[in-house]
Amino acid sequence: MEFPKDMHDMFQKIAEHHNAQFRLCKTLVAGFKATNEQDLSYMDNYMDTLFDFMDPGGDTEAVYRDYLAHIATFNPQKAKKYEESLDEHLGYKIHVVFAAAYVARDLHQGQKDKGGNDYFSSHLLPVGKSGYDWKEQVVGLLHDAAEDTTNDISTIIHLVKSKLETWMNNPDDRSWIDDFEEDFFQYPAEQCHMPTEEEWDEIATALQLLNHHTAPNREEYLSRICVNKLALKVKLNDLRNNMDISRIAEPTEKDMERQKRYKLEYGRLMNAFQEHINEEDRTNRA
């Protein structure tokens with residue numbers, strides 16, 4: 001089947017536009033560095049256009065990383081945040097999410113929720129999928145593993161790392177993508193950027209806080225979660241899924257009472273989350 005000429009011309013124009021934008025951004029980065037430009041809003045207005053046609057490992061990514069290296073000279077914290085967003089966008093960290101999904105499914109095999117549904121499919125996977133970024137997705141998938149299985153957090157993280165290492169040592173076998181390809185928006189890139197020790201510690205801390213067995217009572221449990229933004233966001237996703245009463249075919253009075261408690265806790269945690277947002281806004285304005 002011959003490719004229609006009008007479509008060919010359209011794609012050619014798009015490619016020419018992208019090439020022109022790439023050359024412009026490459027020149028601008030050199031200019032930003034030469035003049036020590038530090039106005040992020042001004043620079044981002046140009047550089048963010050690269051995300052429209054950026055491919056993992058290509059020249060466009062290289063130009064953007066050069067831009068991040070410039071930002072790091074005057075605002076390392078912002079450069080790190082941008083780099084994390086870049087890795088997320090290009091699918092360099094989604095491998096960790098897939099590994100966590102496999103580990104969670106194995107650890108919770110045979111477990112049922114209060115409605116008699118498979119616990120992984122009805123709760124853990126939806127909570128994981130609700131995460132905004134890869135860390136929220138990983139913690140969402142694993143948030144009940146230490147609480148509802150015989151494994152401690154260090155063992156759980158070791159299992160995720162082992163799964164990742166197995167996949168990375170066998171790059172030609174990407175069949176592991178198949179089971180969860182339709183569940184997560186981001187497709188794994190050929191290359192995986194393994195989490196840093198700091199990131200693993202962040203995940204471990206959130207998992208520790210989300211295990212209610214580590215707190216003396218429910219009040220203390222929620223209070224601890226409120227001060228950790230990652231654990232807080234995952235707990236909100238957890239409660240949102242638990243408030244889906246349709247998971248229980250014939251809810252009892254006890255189930256309805258539990259729903260009331262969930263809604264009260266959800267409101268409290270949402271207030272705490274808003275406080276985190278307000279604090280970030282104050283910091284950014286300072």
Side-chain angles (χ1 to χ4, degrees), residues 97 100 103-104 107-108 111-157 159-160 198-248 250-283:
V97 178
V103 169
L107 292 181
H108 293 273
Q111 293 182 4
K112 304 291 183 181
D113 67 8
K114 291 180 174 62
N117 310 294
D118 177 73
Y119 193 63
F120 174 78
S121 300
S122 68
H123 181 62
L124 298 176
L125 185 57
V127 172
K129 290 167 63 175
S130 297
Y132 177 76
D133 60 26
W134 71 272
K135 291 179 189 174
E136 291 176 40
Q137 292 168 345
V138 168
V139 176
L141 288 160
L142 299 172
H143 76 275
D144 280 336
E147 187 174 282
D148 294 340
T149 76
T150 58
N151 299 275
D152 60 21
I153 291 172
S154 61
T155 300
I156 293 163
I157 290 180
L159 291 171
V160 176
E198 181 182 355
E199 289 171 329
W200 284 122
D201 289 344
E202 185 180 356
I203 289 169
T205 297
L207 291 175
Q208 178 79 5
L209 292 170
L210 289 164
N211 180 357
H212 79 262
H213 294 315
T214 63
N217 51 60
R218 190 74 177 180
E219 173 62 28
E220 180 66 18
Y221 170 69
L222 294 175
S223 296
R224 292 177 181 179
I225 288 174
C226 283
V227 299
N228 182 286
K229 190 177 179 183
L230 177 56
L232 176 58
K233 290 192 285 187
V234 173
K235 189 60 185 179
L236 284 167
N237 293 335
D238 175 39
L239 286 173
R240 195 177 300 115
N241 181 259
N242 282 333
M243 288 189 292
D244 180 9
I245 197 65
S246 68
R247 290 171 55 198
I248 303 176
E250 298 180 359
T252 64
E253 183 177 344
K254 183 178 180 180
D255 294 323
M256 300 310 296
E257 286 297 319
R258 188 170 56 253
Q259 288 290 307
K260 293 178 182 179
R261 174 169 65 84
Y262 286 156
K263 289 177 182 179
L264 289 173
E265 293 178 349
Y266 187 84
R268 173 183 175 179
L269 296 184
M270 278 299 297
N271 289 335
F273 180 65
Q274 187 60 55
E275 282 300 314
H276 279 278
I277 300 300
N278 293 342
E279 180 60 30
E280 289 178 358
D281 288 343
R282 287 190 291 267
T283 300

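Keep in mind it's a predicted model, so treat the numbers as computed, not measured. The first residue of the sequence shown is numbered 1, and numbering continues consecutively from there.
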Interatomic distance, Tyr266 atom OH to Leu239 atom CG [nearest 0.5 angstrom]: 8.0 Å
Interatomic distance, Leu232 atom CG to Leu222 atom CG [nearest 0.5 angstrom]: 10.0 Å
Over 12 foreign heavy atoms within 6.0 Å of CD, Glu198: no
Separation between CD of Gln208 and OG1 of Thr205, rounded to the nearest 0.5 Å: 8.0 Å
Check: Tyr221 and Lys235 side chains under 4.5 Å, non-hydrogen atoms: yes
Closest non-hydrogen atom pair, Gly140 against Val234: CA-CG1, 3.7 Å
From CE (Met243) to CG (Asp238), nearest 0.5 Å: 9.5 Å
Closest non-hydrogen atom pair, Val127 against Asn241: CG2-CB, 3.9 Å
Sequence neighbours excluded - salt bridge (Lys or Arg N to Asp or Glu O under 4.0 Å) pairs with any residue from residues 120-131: Lys129-Asp183
Sidechain-backbone polar pair: Arg224 side chain, Thr214 backbone, donor-acceptor under 3.5 Å: yes
Qualifying salt bridge (Lys or Arg N to Asp or Glu O under 4.0 Å) pairs with a residue from residues 137-154, counting only residues at least two apart or across chains: none
Gln274 vs Met270 side-chain heavy atoms within contact, under 4.5 Å: no
Side chain proximity check, Lys114 to Arg258, heavy atoms < 4.5 angstrom: yes
Contact summary for Ile153 and Ala146, nearest pair of heavy atoms: CG1-CB, 3.9 Å
4.5 Å side-chain heavy-atom contact, Leu159 and Leu107: yes
Any residue meeting side-chain hydrogen bond (donor to acceptor under 3.5 Å, both in side chains) with Glu253, in chain and number order, not counting sequence neighbours: none
Smallest separation among heavy atoms of Leu141 and Leu124, with atom names: CD2-O, 3.7 Å
Polar side-chain atom of Glu220 near backbone of Pro216 as donor-acceptor pair, under 3.5 Å: no
Note, Val160 side chain near Val138 side chain (heavy atom, < 4.5 Å): no
Spacing of Ile248 atom CD1 and Asp255 atom CG [to the nearest 0.5 Å]: 4.0 Å
Backbone of Asn278 reached by a side-chain donor or acceptor of Asp281 within 3.5 Å: no
Rounded distance [0.5 Å steps], CG in Leu125 versus CD in Gln137: 10.5 Å
Sequence-distant partners of His123, ring pair (Phe, Tyr, Trp, His ring centres under 6.0 Å), two or more places apart: Tyr119, His143
Any donor-acceptor N/O pair, Gln259 side chain to Asn242 backbone, under 3.5 Å: yes
Check: Phe120 and Gln111 side chains under 4.5 Å, non-hydrogen atoms: no
Residue that, paired with Arg261, satisfies side-chain contact (heavy atoms from CB on, under 4.5 Å) out of Lys263, Glu257, Glu265: Glu265
Heavy-atom check, side chain of Val139 versus side chain of Glu202, under 4.5 Å: no
side-chain hydrogen bond (donor to acceptor under 3.5 Å, both in side chains) involving Thr150 - partner list, sequence neighbours excluded: none
Nearest non-hydrogen partners of Ser223 and Arg268, listed with the distance: OG-NH2, 2.9 Å
By side-chain hydrogen bond (donor to acceptor under 3.5 Å, both in side chains) - contacts of Glu275 (at least two apart): none
Shortest non-hydrogen separation from Leu269 to Cys226 and the atoms involved: CD2-SG, 3.5 Å
Donor-acceptor contact present, side-chain Ser121 to main-chain Asp118, <3.5 Å: no
Pair Lys229-Glu279, salt bridge (Lys or Arg N to Asp or Glu O under 4.0 Å): steps then yes or no: CA-CA 12 Å; Lys229 190 177 179 183; Glu279 180 60 30; over 6 Å; no
